[in-house]
Amino acid sequence: MPTESEGTGEEPQLPTESEGKDHGNRRRKRIRQRGSQTDDEMASEGQAQHGCTTCNSKLDSIEEKLDQVLLIMPGIENLRARITQLEEDKQSMKQSLEFTQAEVRDLKSQVKSTTEELAAVKEKIVKLDELERRIIKQECFNRRNNIKFFGIKDADD
């Protein structure tokens, strides 16, 4: 078989590894263009026909799986919509909970201040009760000598 350099009179150069692959591919192409085929090419065509049936069966299985996925898609979309709704509900409940917790904190502080005020008022009530008793005792003591008896004559001393 003649190579590129044989027809021109140049020295053949050794191809590098990557060029060697390209060079081999070019040689096959040239051989095909001239109308002859190598044994390797004929063997690869037989494998290609066998590979086509394998590819077709794989494509069929892929199509079946794709059909199954397409059947499931509406359900998945419904689940996505439900998840979105649940996330919105969760966010709404979270905001409501935060608001409620803030109100509870405010109410606790009000209860604490009201309890303190109640304790102060109770102390004042106790003091007022004590003062009222003292006032009543004082009035009784002051009126002790001021008793008037009717029907008894006073003796002049």
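Quick caveat, the model's predicted, so the values are computed rather than measured.
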Side chain to side chain contact (heavy atoms under 4.5 Å, CB included) evaluation trace for R80 with I83: CA-CA 5 Å; R80 283 184 182 164; I83 287 171; 5.6 Å; no

Value rounded to 0.5 Å, distance of CG in L79 from CG in L86: 10.0 Å

For E117, side-chain hydrogen bond (donor to acceptor under 3.5 Å, both in side chains) partners two or more places apart: none

Output a table of donor-acceptor pairs, distance under 3.5 Å, between side-chain atoms of residues 98-110 and any protein atom two or more places apart or on a different chain; print 'none' if there are none.
| unit_1 | atom_1 | unit_2 | atom_2 | d |
| --- | --- | --- | --- | --- |
| T100 | OG1 | S96 | O | 2.8 |
| S109 | OG | D106 | O | 2.7 |

All pairs passing side-chain hydrogen bond (donor to acceptor under 3.5 Å, both in side chains) where residues 64-75 contributes a residue, at least two apart: none

Return all side-chain donor-acceptor pairs below 3.5 angstrom for residues 118-130, not counting sequence neighbours, or 'none' if the list is empty.
| unit_1 | atom_1 | unit_2 | atom_2 | d |
| --- | --- | --- | --- | --- |
| E130 | OE1 | R133 | NH1 | 3.1 |

From I136 atom CD1 to L131 atom CG, the distance as rounded to the nearest 0.5 Å: 11.5 Å

For Q91, side-chain hydrogen bond (donor to acceptor under 3.5 Å, both in side chains) partners two or more places apart: none

Linked, directly or transitively: L71 and V69 (ILVMFWY side chains, under 4.5 Å): no

N/O donor-acceptor pair under 3.5 Å between T115 side chain and V111 backbone: yes

Value rounded to 0.5 Å, distance of CD1 in I135 from SG in C140: 12.0 Å

Pairwise distance OG(S57) to CD1(I62) - rounded to 0.5 angstrom: 9.5 Å

Contacts of R82 that satisfy salt bridge (Lys or Arg N to Asp or Glu O under 4.0 Å) - sequence neighbours left out: none

